[in-house]
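Just below is one structure, and these are the notes that go with it.
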Amino acid sequence: MIPGATDPISRDGKLLILAYDHGLEHGPVDFEAVPESMNPEHVFDVATHDAVTALAVGKGVAEAHYPDYEDEVNLLAKLNGTSNLWMGEHDSAVNWSVEYAAELGADAIGFTLYGGSNHEVEMAEEFRDAQEAARDEDMGVVMWSYPRGQGVKNDTKPSTISYAARLGLELGADVAKIKYPGDADAMAHACKAAASTDVVMSGGSKASDEEFLSTVKEAMDAGAKGLAVGRNVFQRENPEALLDGLEKIIFEETSVEEALAAVEGHGEQATLD
């Protein structure tokens, strides 16, 4: 890992990445709960919140919308991704180059690796090329480290998630995005496995405010450096309120109760405004 590589997408050494690659990976179904989220401008507006340290998007969304937000949003270029229409063994197409991402003004790159897939070898080689090209551009590297495929029997098993974190270190990622393994001890082990690679928790499916904030608090206390979240933010009618709470936990190290108060307080302030 290169010292300072994540400085442009972090704050005080911590990260809150807003992920918006769902239109490719999952399709429009993820936007049905909050129809405004279908429009990338809505999510770019959300990403101007002080708590968000980077916005992860694919090439088309970056081309169309990032130029209007380059002074307010840090761009994390999600280089690979495959639609949910794909029915083969887990794989992910490389959709744009590091060089082109740099031309668009990206501060870092994101890259999915499916450890355990029959395509792991090819994906690792593609990651190598992207990682080394990112170093030439002085860009940080975030790995979406998701064990999936024929070689993986249980992708939520703590030992599997620790392995995912370790893959980030071994292959040269500055940050490994992993699933929460179910409890604080397992998360602490995953963070130790990653060693000098920072670990961020994947946000996953939408949960209640209290449940989600409690899980983020557990992950941070266990050694995570932050969060990479999509649906738990943009599937809310008031995403800024939850970001107020996440800011409390991730950057101010408050309790869940204080974070929930910030969420509720945002709603009250919006009513007054």
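Note on Val34 and Val52: separate hydrophobic clusters, where clusters join Ile, Leu, Val, Met, Phe, Trp and Tyr whose side-chain heavy atoms are under 4.5 Å apart, directly or indirectly. Under a hydrophobic-cluster definition in which Ile, Leu, Val, Met, Phe, Trp and Tyr are linked whenever side-chain heavy atoms come within less than 4.5 Å, directly or via other members, Leu15 and Leu76 are assigned to the same cluster. Note on Met139 and Ile2: separate hydrophobic clusters, where clusters join Ile, Leu, Val, Met, Phe, Trp and Tyr whose side-chain heavy atoms are under 4.5 Å apart, directly or indirectly. The hydrophobic cluster containing Ile109 also contains Met143, counting ILVMFWY residues as joined when their side-chain heavy atoms lie under 4.5 angstrom apart, directly or transitively. Under the 4.5 Å side-chain heavy-atom criterion for Ile, Leu, Val, Met, Phe, Trp and Tyr, Ile250 and Val233 are members of the same hydrophobic cluster.
For the pair Arg166 and Glu170, the salt-bridge criterion is met [side-chain N within less than 4.0 Å of a carboxylate O]. Looking at Asp209 and Arg236, a side-chain N of the basic residue comes within less than 4.0 Å of a carboxylate O on the acidic one, giving a salt bridge. Using a cut-off of 4.0 Å between Lys/Arg side-chain N and Asp/Glu carboxylate O, Lys217 and Glu258 are scored as not salt-bridged.
Partners of Tyr66 according to the side chain to side chain donor-acceptor pair (under 3.5 Å) rule, which considers only residues two or more places apart in sequence or in another chain, do not exist here. The side chain to side chain donor-acceptor pair (under 3.5 Å) test applied to Asp136 returns no partner, not counting sequence neighbours. With sequence neighbours left out, Lys177 forms a salt bridge (Lys or Arg N to Asp or Glu O under 4.0 Å) with no residue at all. In terms of the ring pair (Phe, Tyr, Trp, His ring centres under 6.0 Å) criterion, His119 has no residue partners (sequence neighbours excluded). Remark: Glu252 pairs with Lys248 by the salt bridge (Lys or Arg N to Asp or Glu O under 4.0 Å) rule, at least two apart or across chains. Applying the ring pair (Phe, Tyr, Trp, His ring centres under 6.0 Å) test to Phe234 and every residue at least two apart in sequence or in another chain returns Tyr20, His22, Phe31.
Residues Cys191 and Ala224 share a closest heavy-atom pair of SG-N, 3.5 Å. Tyr69 and Glu41 get closest at one heavy-atom pair: OH-O, 3.5 Å. Looking at every heavy atom in both residues, Gly203 comes nearest to Asn232 through O-ND2, 3.2 Å. Taking both residues in full, the closest heavy atoms of Asn95 and Asn80 are given as ND2-C, 3.8 Å, listed atom of the first, atom of the second, then distance. Heavy-atom minimum distance, Ala186 versus Pro158: CB-CB, 3.8 Å. Taking every heavy atom of both residues into account, Ala5 and Pro8 meet most closely at O-CD, 3.6 Å.
Residue-environment remark: CD (Gln150) stays at or below the threshold of 12 foreign heavy atoms within 6.0 Å.
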* Please step through side-chain hydrogen bond (donor to acceptor under 3.5 Å, both in side chains) for the pair Ser162 and His189, ending with a clear verdict. => CA-CA 7 Å; Ser162 287; His189 186 269; 2.8 Å; yes

* To do: Walk me through it: do Glu125 and Asp129 pass the test side chain to side chain contact (heavy atoms under 4.5 Å, CB included)?
  => CA-CA 6 Å; Glu125 291 172 347; Asp129 294 343; 5.7 Å; no

* Asked: Checking side-chain hydrogen bond (donor to acceptor under 3.5 Å, both in side chains) for the pair Glu218/Tyr180: CA distance, chi angles, key distance, verdict?
  -> CA-CA 10 Å; Glu218 289 178 6; Tyr180 186 68; 2.6 Å; yes

* To do: Check step by step if side chain to side chain contact (heavy atoms under 4.5 Å, CB included) holds for Val46 and Glu240.
  => CA-CA 7 Å; Val46 172; Glu240 292 85 359; 3.8 Å; yes

* Might you work through the salt bridge (Lys or Arg N to Asp or Glu O under 4.0 Å) test for Asp174 and Arg135, ending with a clear yes or no? => CA-CA 11 Å; Asp174 300 298; Arg135 296 307 186 212; 2.9 Å; yes

* To do: Decide side chain to side chain contact (heavy atoms under 4.5 Å, CB included) for Ser205 and Arg231; before the verdict, give the C-alpha distance in whole Å, the side-chain angles of both, and the deciding distance to 0.1 Å.
  => CA-CA 6 Å; Ser205 301; Arg231 288 166 288 176; 3.5 Å; yes

* Asked: Yes or no on side chain to side chain contact (heavy atoms under 4.5 Å, CB included) for Lys225 and Val199, after CA distance, side-chain angles and deciding distance?
  -> CA-CA 6 Å; Lys225 293 294 185 179; Val199 168; over 6 Å; no

* Would you check, one step at a time, whether the test side-chain hydrogen bond (donor to acceptor under 3.5 Å, both in side chains) holds for His26 with Asn84? => CA-CA 5 Å; His26 300 166; Asn84 206 29; over 6 Å; no

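A distance-only check finds a donor-acceptor pair linking the side chain of Asp107 to the backbone of Leu75 [under 3.5 Å]. Here the side chain of Trp96 pairs no donor or acceptor atom with the backbone of Glu99 at under 3.5 angstrom. The main-chain N or O of Gly81 is found under 3.5 Å from a side-chain atom of Ser92 such that the two form a donor-acceptor pair. Remark: the backbone N or O of Thr156 is not paired with any side-chain donor or acceptor of Thr160 at under 3.5 angstrom. With hydrogens and angles ignored, the 3.5 Å screen pairs a side-chain donor or acceptor of Glu120 with a backbone N or O of Gly116. A donor-acceptor pair is defined here as one N or O able to donate and one able to accept, closer than 3.5 Å; no such pair exists between the side chain of Thr6 and the backbone of Gly140. Listed for the Arg128 side chain is no donor-acceptor partner under 3.5 Å among the backbone atoms of Gly172. Checking side-chain atoms of Thr82 against main-chain N and O of Ala93 turns up a donor-acceptor pair under 3.5 Å.
The CE atom of Met220 sits 10.5 Å away from atom OG1 of Thr254, with the distance rounded to the nearest 0.5 Å. To the nearest 0.5 Å, atom OG1 of residue Thr53 and atom CG of residue Leu16 are 6.0 Å apart. Between the OG1 atom of Thr112 and the CG atom of Asp21 there is a distance of 7.0 Å, given to the nearest 0.5 Å. Phe111 contributes atom CZ, which lies 6.0 Å from atom CE of Met123 (distance to the nearest 0.5 angstrom). Expressed to the nearest 0.5 Å, how far OH of Tyr146 lies from OH of Tyr114 amounts to 8.0 Å. Atoms OG and CG, from Ser208 and Leu260 in turn, are 8.5 Å apart once rounded to the nearest 0.5 Å.
Under the 4.5 Å side-chain criterion, counting only non-hydrogen atoms from C-beta, Leu113 is in contact with Leu167. Annotation: side chain of Val61 is not in contact with side chain of Leu24 (no heavy-atom distance under 4.5 Å). Annotation: side chain of Leu246 is in contact with side chain of Leu213 (closest heavy-atom distance under 4.5 Å). Side chains of Met201 and Val216 form a contact here, defined as non-hydrogen atoms less than 4.5 Å apart. You'll find the side chain of Leu79 reaches within 4.5 Å of the side chain of Val98, heavy atoms only. With a 4.5 Å cut-off on side-chain heavy atoms, Leu227 and Val200 do not count as touching. Counting heavy atoms from C-beta outward, Thr48 and Val73 have side chains that approach closer than 4.5 Å. Put simply, the side chain of Ile161 does not reach to within 4.5 Å of the side chain of Lys157, judged on heavy atoms.
No side-chain donor from either of Asn118 and His90 sits under 3.5 Å from a side-chain acceptor of the other.
A cation-pi arrangement is present between Lys78 and Trp144 under the rule of less than 6.0 angstrom and at most 45 degrees off the ring axis.
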